[in-house]
There are 2 protein chains.
Amino acid sequence: MPRVGLTPAGVLGHALDLIDETGPEALTLAAVAARAGVATPSLYKHVSGGLPELRRLVAVRVTEELAEALAEAVLGRSRDDAVEALLGAYIGYAERHPYRYAALPQAPQEDAELRRAAARLVGVIVAVLRGYGLDGTEAIHAARTVRATAHGFASLATGGAFQLAADLVVTQQRLVRVLTEGLRAWPTA
Amino acid sequence: MPRVGLTPAGVLGHALDLIDETGPEALTLAAVAARAGVATPSLYKHVSGGLPELRRLVAVRVTEELAEALAEAVLGRSRDDAVEALLGAYIGYAERHPYRYAALPQAPQEDAELRRAAARLVGVIVAVLRGYGLDGTEAIHAARTVRATAHGFASLATGGAFQLAADLVVTQQRLVRVLTEGLRAWPTA
DNA sequence: CCGCAAAGCTATGGCTAATAGCCATAGCCG
DNA sequence: CGGCTATGGCTATTAGCCATAGCTTTGCGG
């Protein structure tokens, strides 16, 4: 049979395409194989761990992309300006790739590679917090606060949980305002 | 064959037990049927919509429980006191029933019953916000802010996304502080 | 006491992931 | 250049899942 030149990266690419088009639920080995022009079992030659492994790869990739978007957004900015850019980039990524973002949370968290990617994401946040004079334990609490608000809004907004008619952009502005005020008044223990 | 006296409510009960024990992924008709002492197809006599219907029922029930917990927590409290109780109840519910909370839909739901339950939950939040003089459109933005922070923290905390050693209880206190300060200084348009 | 709707069942079909084992290709190396 | 090994395909199979169709039994209400 003619080799189709599949690689692990190629399989991941098809997986991401599938997720983007039809949602995380649609990520099946059968669908990926069909898209790659290959029979399902052949995928195991490239992704030995099967579906769980593929999901893991997706989570790592998305986390990396998100961390990269955040890092780029805060370049050359500080304090409130950086926080606004950070939230904008976070929520913007989730809005541009809602299914991809939704594929994030149900990943196994004990994976080393995923933790490394997540650490980079947190690192960007912590770097921004230094502009508020925060470090050490309080920086961790503040980073969690930032992450919780960003994730909460992104998750609810992309999930369609905000039913009422009010403008989501305004809500995002309010969220940024609450966050920046909170960070400026943070108890610098 | 002896009738086992199954009812829709009974099926839902088994489904919730299963989710509590093994996670939302473990919710299968086969497992529910085994637990109920019944063959899989028999479930369709009580839950005609099959697995999607069962998942829907779970989501409605969990939303109702959460709304109820919030309503009870804010009874007799107002302003910062109410917000603290609200977040505590929300996060507490998620921590006591992490799988159940994780079973809440992350996909857009146009189900009427679910929307009604969600509306009750939002109603409790909006009621608290009246203590800050907020209503109308700004109350919606503020409610979204509260919901985003609560969901974001609950989701990340129960999902194990906060890896570092710092105390989650302290983070929650900081979150409450940021939120209450933000609500007190809300732009009452 | 009997009819009949409700509630159980088995059988079947069509998905899925995953494993086992076979065959064709590619590219290296003597 | 010939052959060998590693690799990347394949088919077949197993096991588990949801779902539908259609039969049988139960037990309630008239």
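Hydrogens, waters and symmetry mates are skipped; everything else that's a heavy atom, side chains included, is used. By convention in this document, chain letters (A, B, ...) are assigned in the order of the sequence lines, proteins followed by strands, and residues within each chain are numbered from 1.
- Within 6.0 Å of CD on A/Glu21 lie more than 12 heavy atoms contributed by other residues, nucleotides or ligands.
- For B/His46, a side-chain nitrogen or oxygen approaches OP1 or OP2 of C/dG8 to under 4.0 Å.
- Residue B/Glu25 qualifies as open at atom CD: its count of foreign heavy atoms under 6.0 Å is 12 or below.
- Closest to the B/Leu51 side chain, of the nucleotides C/dC9, D/dC18, C/dA18, is D/dC18.
- Straight-line distance from the CG atom of B/Leu43 to the C1' atom of C/dA6: 15 Å, rounded to whole Å.
- For B/Pro41, the listed nucleotide lying nearest its side chain is C/dA11; candidates were D/dC18, C/dA17, C/dA11.
- As rounded to whole Å, 15 Å separates atom C1' of C/dT16 from atom CG of A/Leu54.
- Atom C1' of nucleotide C/dT16 and atom CZ of A/Arg55 are separated by 11 Å, given to the nearest angstrom.
- Each of B/Lys45 and B/Gly49 lies near DNA chain D, and the nucleotide nearest B/Gly49 is the one positioned closer to the 5' end.
- To the nearest angstrom, P of D/dC18 lies 4 Å from CG of B/Leu29.
- In the set C/dA7, C/dC9, C/dA18, the nucleotide with an atom closest to the side chain of B/Ala39 is C/dC9.
- A/Glu53 places its CD atom 11 Å from the P atom of C/dA18, with the value rounded to the nearest Å.
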Enumerate donor-acceptor pairs with a distance under 3.5 Å from any side-chain N or O in residues 84-91 of chain B to protein atoms, sequence neighbours excluded.
{"from": "B/Tyr90", "atom 1": "OH", "to": "B/Tyr101", "atom 2": "OH", "distance (Å)": "2.7"}

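- A salt bridge does not link B/Arg115 to B/Glu110: none of the charged nitrogens lies less than 4.0 Å from a carboxylate oxygen.
- Side chain of B/Tyr44, nearest nucleotide from D/dC18, C/dC9, D/dA12: D/dC18.
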Considering only distance and modelled atom types, tabulate donor-acceptor pairs under 3.5 Å from the side chains of residues 123-132 of chain B, sequence neighbours left out.
{"from": "B/Tyr132", "atom 1": "OH", "to": "B/Arg79", "atom 2": "O", "distance (Å)": "3.4"}
{"from": "B/Tyr132", "atom 1": "OH", "to": "B/Asp80", "atom 2": "N", "distance (Å)": "2.9"}
{"from": "B/Tyr132", "atom 1": "OH", "to": "B/Asp80", "atom 2": "OD1", "distance (Å)": "2.5"}

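- Nucleic acid contact class of B/Ser42 (heavy atoms, under 4.0 Å, all strands): base.
- Residue B/Thr28 places its side chain closer to D/dC18 than to any other of C/dA17, C/dG8, D/dC18.
- Protein atom CG of A/Leu27 is 19 Å distant from nucleotide atom P of C/dC15, rounded to whole Å.
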